[in-house]
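Everything below concerns the one structure shown next.
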Amino acid sequence: ARHGTSSQDGLLSVLNQATLPLERNFSPFLELPAEQQTALHNLLQAVLFDEEFLVVLEQVCDDMAGGFWCPQAALAMGELKPPQQQDLMAFLQLAGCRIQGEWPGPEGEVSNQKLFATAYFLVSALAEMPDNAAALLGICCKLQIIPTLYHLLRVLSDDGICDLEDPTLVPLKDTERFGIVQRLFVAADINLEQEHSSVKATVLKDPHVFPLILYITLNGLCALGKEH
Amino acid sequence: MFAKATRNFLKEVDAGGNLISVSNLNDSDKLQPLSLVTKKKRYWCWQRPKYQFLSVTLGDVLTEDQFLSPVVVESDFVKYEGKFENHVSGTIETVLGKVKLNMGGKGLVESQSSFGTLRKQEVDLQQLIRDSVERTINLKNPILHQVLERRNEVLCVLTQKIVTTQKCVISEHVQIEEKCGGMVGIQTKIVQVSAMEDGNVIKDTSVLLEIPAATTIAYGIIELYVKQDGQFEFCLLHEKHGGFEQERRSDPVYLDYLACREFVFMDMPD
């Protein structure tokens, strides 16, 4: 996303354009029956508050995708608590995996490749989020402001400014709520400042890959939360 | 917790990403100079590669009667002491269905982290390159045979490691912001590392790990490019990638590597 930009301000608009095609790629979530979509959404929301579970889930998805099972995955699954193990199985089944036996393993297979790739894509981005960012994202889910945050990124001008009078952005007028969002964005190397009736977003100097990850996670959670 | 502490340490001292943090304490003693490590490429650009230690060194997999004895240079690396402040405050009120959520709280956590004095052990690369000329890897070695069977894995050799010189304690502070019996709280986990000099004990922690001196907390590798006849070269420049010259079998996989990559980025610039 650095190509063709001369300033930090330009990075967000380039990232915005570059990630627009992702909306279409999350379509397998939108095509799910309402019940399945809600179940997957609820499971992922719980995952956001459980760092250890998220790490194992990402590892299992990775092995499932590659068709190769490394011993660490089995070890990590064994260390999960029984409710977490149940959630893991439920997630994989909802995401299009056919599990043979009690555990996911080499005998299992991906029956719905598109859906699984979409779910794994989102899980992999969540797993790479910086410390505590996933939990902050979970809070934003509970507050039902994920669509607001996604809209915020989409309507930013080239200078990184958006108008808080935009009806979709109204929830951000609340100072405390804005504080939570600010912390989430800072964790993803994006600084948010409220200026009168607008918000100014700037990418921090030398950002890591976190702004891209934030775009992806917000996009994915937004698609999955449509029905919810 | 150990993984988080070593990762945080590298954030401070290795912005360029040349070093890799050790995730499992159990792997620490497997990391010896010239140890072989496999690097698994991942599907998407934000995913960190996965590394697996093979419990053998480069010398162990050379064809018969060939030996390598690396020259290891040890030097001071850094004395790592960090002070972190985490100031959090906030109140949230919202309605979720019929349940009203109240959440908020204030807190200030100030913590210091220190692995103490760290040493670096580094293989003399010039010497290694000179010694490796005309040497060949035995690709029929059972371990390498298994690596070759997998897809997207590169053979690497460990050339440097960062070790502790004194006992350290890693502790985790769990901080939950919540009030008014709200159902949701922001839970933050702060990992703190303390070098032990006078047998000091940390209080007010939920989990505590004591790691011994001489524990490897980070390491550096060089990828190998292995030709079909077993000759190999070190990939010394960033642009040069390792791998195996021979063609891989086209085994069916559950989710095709390229298909998975292209699934999302087919319309995106690289």
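Labels below follow one simple rule: chain letters A, B, ... track the order of the sequence lines, proteins then strands, and each chain is numbered from 1. Computed from a prediction, not measured in an experiment: that's the story for all the values here.
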Query raised in the report: Measuring heavy-atom distances to chain A, does B:R7 have an atom under 4.5 Å in its side chain, in its backbone, in both, or in neither?
Result: side chain
Query raised in the report: With only heavy atoms counted, which part of A:A125 is less than 4.5 Å from chain B, the side chain, the backbone, both or neither?
Result: both
Query raised in the report: At a heavy-atom separation under 4.5 Å, does A:Q17 approach chain B through its side chain, its backbone, both, or neither?
Result: neither
**Report entry** Nearest-0.5 Å distance, CD of residue A:E128 to CZ of residue B:R48
**Finding:** 4.0 Å
Requested in this report: To the nearest 0.5 angstrom, please state how far the CG atom of A:D62 sits from the NZ atom of B:K40.
Outcome: 4.0 Å
Query raised in the report: Can you tell if the side chain of B:W44 reaches within under 4.5 Å of the side chain of A:I216, non-hydrogen atoms only?
Result: no
Report task. Step through the shown structure and confirm whether more than 12 heavy atoms of other residues, nucleotides or ligands are within 6.0 Å of NZ on B:K11. Result -> yes
Query - Any side-chain heavy-atom pair of B:Y43 and A:Y120 under 4.5 Å - result: yes
Query raised in the report: For A:K173, does the NZ atom have more than 12 heavy-atom neighbours from other residues, nucleotides or ligands under 6.0 Å away?
Result: yes
Query raised in the report: When rounded to the nearest 0.5 angstrom, what distance separates CG in A:D63 from NZ in B:K50?
Result: 5.0 Å
